[in-house]
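By convention in this document, chain letters (A, B, ...) are assigned in the order of the sequence lines, proteins followed by strands, and residues within each chain are numbered from 1. Side chains included, hydrogens not; waters and symmetry mates left out as well; all remaining heavy atoms used.
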2 protein chains.
Amino acid sequence: MNDSKFNLDGRIWIETAGEKILGHGRVELLERIKESGSIRQAALQMKMSYKQAWDLINHMNTHFTSPVVISHRGGKGGGNAVVTDYGLKVISQFHSFQVKLKAFLAENSSEINL
Amino acid sequence: MNDSKFNLDGRIWIETAGEKILGHGRVELLERIKESGSIRQAALQMKMSYKQAWDLINHMNTHFTSPVVISHRGGKGGGNAVVTDYGLKVISQFHSFQVKLKAFLAENSSEINL
DNA sequence: TTGCGTTATATAAATTTTAATATATCGCTT
DNA sequence: AAGCGATATATTAAAATTTATATAACGCAA
């Protein structure tokens with residue numbers, strides 16, 4: 001254990017061909033789309049522009065093996081967006097890595113001696 | 001083992017009071033100052049401006065328990081900069097965390113199934 | 001068939017970051 | 001004491017990023 005005023009923090013992400021394809025923020029975006037059924041609402045909740053959210057989703061959809069979000073325009077409510085089963089799998093795997101990272105950081109934080 | 005086209009990557013850093021104080025880039029900067037004895041040369045090698053390098057060093061010097069770099073102006077060669085013993089300790093501890101992170105990422109990369 | 005709310009996309013404006021430039025200080029060297 | 005090369009610091013310019021705005025497409029509902 002350790003009462004140092006310093007602590008270790010970190011981030012992980014998934015890459016393909018050296019390019020970041022999924023991190024922290026994108027996962028939260030997917031989760032909010034899953035809850036709200038709307039790209040717009042998810043973007044508002046996260047205080048990002050619709051464009052920014054759309055770009056992130058488009059990037060994921062074109063780089064993962066299958067799309068993570070399917071969207072429709074027009075119709076009841078004006079349109080909607082749905083996280084695919086594949087998208088749910090992506091979220092779930094990222095979460096399990098996050099849990100492990102958290103443990104890693106806690107362990108090592110206590111090793112800091114500066 | 002895993003031949004997925006996806007891989008896990010990540011970064012770690014040391015914080016104090018929620019503020020990032022040491023990461024990847026700063027460690028490299030310290031190492032290059034240690035080698036060259038010059039902030040300017042270290043900055044040139046890393047293709048950053050002198051100001052940027054100086055700001056980073058100043059931030060570390062004022063946030064760590066002790067300074068990590070001592071610099072002198074004037075004199076032989078125009079001036080110089082030296083990494084302190086404390087600075088060397090900082091580098092060394094960060095490296096040991098980096099090694100562990102690398103192992104963590106390799107282990108978990110092979111778990112990706114997308 | 002008009003209106004509504006959302007997706008989709010482009011363009012322009014604003015902001016923030018980053019980089020470049022300039023100037024002063026310092027102490028050894030010649 | 002004048003010059004050199006590096007540190008130190010402020011100011012300006014440029015670049016990159018972010019945000020805002022505008023427009024069109026879409027399909028259901030009233």
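In this structure a side-chain-to-backbone donor-acceptor pair under 3.5 Å is missing from B/Asn58 to B/Trp54. Side chain of A/Gln93 to backbone of B/Asn113: a donor-acceptor contact under 3.5 angstrom is found.
Partners of B/Lys5 according to the side chain to side chain donor-acceptor pair (under 3.5 Å) rule, which considers only residues two or more places apart in sequence or in another chain, do not exist here. When the side chain to side chain donor-acceptor pair (under 3.5 Å) test is applied to B/Glu31, the partners found at least two apart in sequence or on another chain are B/His95.
Atom CZ of A/Arg11 is separated from atom CG of A/Leu101 by 9.5 Å, given to the nearest 0.5 angstrom.
Atom CG of A/Leu44 is separated from atom C1' of C/dT7 by 13 Å (rounded to the nearest Å). If you take CE of B/Met48 and C1' of C/dA20, they are 16 Å apart, rounded to a whole angstrom.
Side chain to side chain, B/His24 and B/Gln98 fail the donor-acceptor criterion of an N or O pair below 3.5 Å. The closest side-chain donor-acceptor pair between A/Trp13 and A/Glu15 falls under 3.5 angstrom.
On the nucleic acid side, DNA chain D contacts chain A at distances under 4.0 Å to non-hydrogen atoms, with the end points of that region at D/dT19 to D/dC28.
Comparing A/Gln41 and B/Lys51, the nucleotide of DNA chain C nearest to each residue sits closer to the 5' end for A/Gln41.
If you check residues 55-88 of chain B against DNA chain D, the residues with a heavy atom closer than 4.0 Å are B/Ser71, B/His72, B/Arg73, B/Gly74, B/Gly77, B/Gly78, B/Gly79, listed by number. For the contact set between residues 10-35 of chain B and DNA chain D, defined by any heavy atom under 4.0 Å, there are no members.
Taking the six-membered ring for Trp and thresholds of 30 and 60 degrees, A/Phe64 and A/Tyr86 have ring planes more than 60 degrees apart, a perpendicular arrangement.
Backbone-only engagement by B/Ser38 is indicated by non-hydrogen atom pairs under 4.0 Å involving sugar-phosphate atoms exclusively.
Nearest heavy atom pair, residue B/Glu111 against residue A/Phe97, reads CB-CE2, 4.1 Å.
Sorted by first then second residue, the side-chain hydrogen bond (donor to acceptor under 3.5 Å, both in side chains) pairs that include residues 39-48 of chain A, not counting sequence neighbours, are A/Arg32-A/Gln45.
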